[in-house]
Amino acid sequence: MTLETKKSVFVALGKFLSQFSEGNTIKKSDVLYNDIFFDDCIHLIQLSQSHNGWYTPEQVYFSLQSWSEALKEESLNQWLSGYTFDIKESKNIALILAGNIPLVGFHDFLSVLMSGHRVLVKTSSNDQHLLPFLAKYMIAIEPKFKDKITFVEGKLDHFDAVIATGSNNTARYFEYYFKDKPSIIRKSRNSIAVLNGEESKEQLVALGEDIFRYFGLGCRNVSKLFVPKGYSFDAFFEAIFEYQDIIQYEKYANNYDYNKAVFLMSNFKLLDNGFLTIKEDVSHASPISSVFYEFYDNLGDLQKRLSSESEQIQCIVSNRLIENSIAFGQSQSPKLWDYADNEDTISFLLTIK
């Protein structure tokens, strides 16, 4: 398959996904194979929460819409224009995927196929249905993909390189087990926000999206705030109040009750609004339903510190206070060239011998 053929398939997939949004799903007459896949996709979205309690229809719809935007022709062209796709031999690339948020491994899946390799996918037990469904749609459009995509249930065998995502503990296992293979091993990371007290209400509302989307389970979710000394959280709490309905989800509410109880029993000082606790803490990794915060004296010193801790941080949200930070509300809408852990997956794939 040529690069243009592969791009056209993913563009068609993006058009298919664009039909599905919360409260506004519309079947379009010009979408390929809608007669076969449209109703099944709706059914899968409705069943997703029974497969994984965190995969509510709202969160799955958001993921599908995000990918429909990313898979537009202009985005694919901009992403791929800087690479030379001239691999001599297709390799088998194993993907060990996480399952914390819907389709979290799709970018790796896309990258392997675009680079010209074959993909062996081991899905997470928490996300076993969405990606195989999308693969079936792609194969219907271009049957040649059938020989390029394999989903593996048991042990991974006969692969030439691996991209694996997991916790810091599983990463150590991956590093040992795959030490003789070219690999990208992703560990736990967290995202942070830097505030200076001059943010508008609209920006703080958007920050709530960075915190609460996917219930805070993603590595791009903001789990830590850096604020200047003397900062008042009143405006922050007022702005994020519109996310109060999150406490209606049982799994989130259980985490909120449990983590709040643990903090209180440990005599930690908390700020609490009934669905989110915030706690002063030096760690970047906060539990579900909680955000940590830390005071800073000087933005320049903070910039240096964050640079030294870059391997722990996925992305930084601010109002241009920190170099290479992103705007409020954008952490869960990365571009195709916003690589996880800042490691260029395509470059890695194109250099495998």
One pair to check against ring pair (Phe, Tyr, Trp, His ring centres under 6.0 Å): Phe226 and Tyr293. What are the steps and the verdict? CA-CA 6 Å; Phe226 283 92; Tyr293 69 91; over 10 Å; no
Could you walk me through whether Lys27 and Asp35 pass the salt bridge (Lys or Arg N to Asp or Glu O under 4.0 Å) test, one step at a time? CA-CA 10 Å; Lys27 190 174 184 178; Asp35 55 332; over 6 Å; no
If you apply the rule salt bridge (Lys or Arg N to Asp or Glu O under 4.0 Å), what do you find for Lys260 with Asp272, and how did you get there? CA-CA 9 Å; Lys260 180 179 176 180; Asp272 175 26; 2.6 Å; yes
Dump the intermediate steps for salt bridge (Lys or Arg N to Asp or Glu O under 4.0 Å) on Glu294 and Lys224, then the final yes or no. CA-CA 8 Å; Glu294 192 172 343; Lys224 172 77 173 280; 2.8 Å; yes
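With hydrogens and angles disregarded, no donor-acceptor distance shorter than 3.5 Å links the side chain of His284 to the backbone of Ser223. In this structure, Gln332 contributes its side chain and Glu209 its backbone to no donor-acceptor pair below 3.5 Å. Using a distance-only test at 3.5 Å, with no hydrogens or angles considered, a donor-acceptor pair links the side chain of Ser63 to the main chain of Pro102. Although no hydrogens or angles enter the test, the distance criterion places no donor-acceptor pair under 3.5 Å between the side chain of Arg220 and the main chain of Ser191. Between the side chain of Ser115 and the backbone N or O of Ser111, at least one donor-acceptor pair lies under 3.5 Å. Using a distance-only test at 3.5 Å, with no hydrogens or angles considered, no donor-acceptor pair links the side chain of Asp127 to the main chain of Asn100. For the pair Ser90 (side chain) and Gly116 (backbone), a donor-acceptor distance under 3.5 Å is present. In this structure, the side chain of Ser283 engages the main chain of Ala285 through a donor-acceptor pair within 3.5 Å. Side-chain atoms of Asn221 come within 3.5 Å of backbone N or O of Asp210 as a donor-acceptor pair. Side-chain atoms of Thr170 come within 3.5 Å of backbone atoms of Ser167 as a donor-acceptor pair (strictly under, hydrogens ignored).
Taking the ring centre of Phe37 as origin, the terminal cationic atom of Lys136 falls outside the region bounded by 6.0 Å and 45° from the ring axis. The cationic group of Lys179 lies under 6.0 Å from the six-membered ring centre of Tyr176 and within 45° of the ring axis, placing it in a cation-pi geometry.
Between Glu309 and Lys304, none of the side-chain N atoms (NZ, or NE/NH1/NH2) sits under 4.0 Å from a carboxylate O, so this pair counts as no salt bridge.
With ring centers used as reference points, Tyr214 lies under 6.0 Å from Phe62. With ring centers used as reference points, Tyr231 lies under 6.0 Å from Phe233.
Using cut-offs of 30° and 60° on the angle between ring planes, the pair Tyr249 and Phe215 is perpendicular. Relative orientation of the Phe212 and Phe275 rings is tilted, given thresholds of 30° and 60° on the angle between their planes. A parallel orientation is assigned to the rings of Phe16 and Tyr137, their planes being inclined by less than 30° (bins at 30° and 60°). Using the six-membered ring where Trp is involved, Trp79 and His107 have ring planes that are tilted, between 30° and 60° apart.
No more than 12 heavy atoms of other residues, nucleotides or ligands shown are found within 6.0 angstrom of NZ on Lys146. Residue Phe295 places its CZ atom among more than 12 non-hydrogen atoms of other residues, nucleotides or ligands, all under 6.0 Å distant.
One finds the CD1 atom of Ile352 at 8.5 Å from the CD1 atom of Ile87 (value rounded to the nearest 0.5 Å).
The minimum heavy-atom distance between Asp147 and Arg118, with the atom names listed, is O-CD, 3.6 Å.
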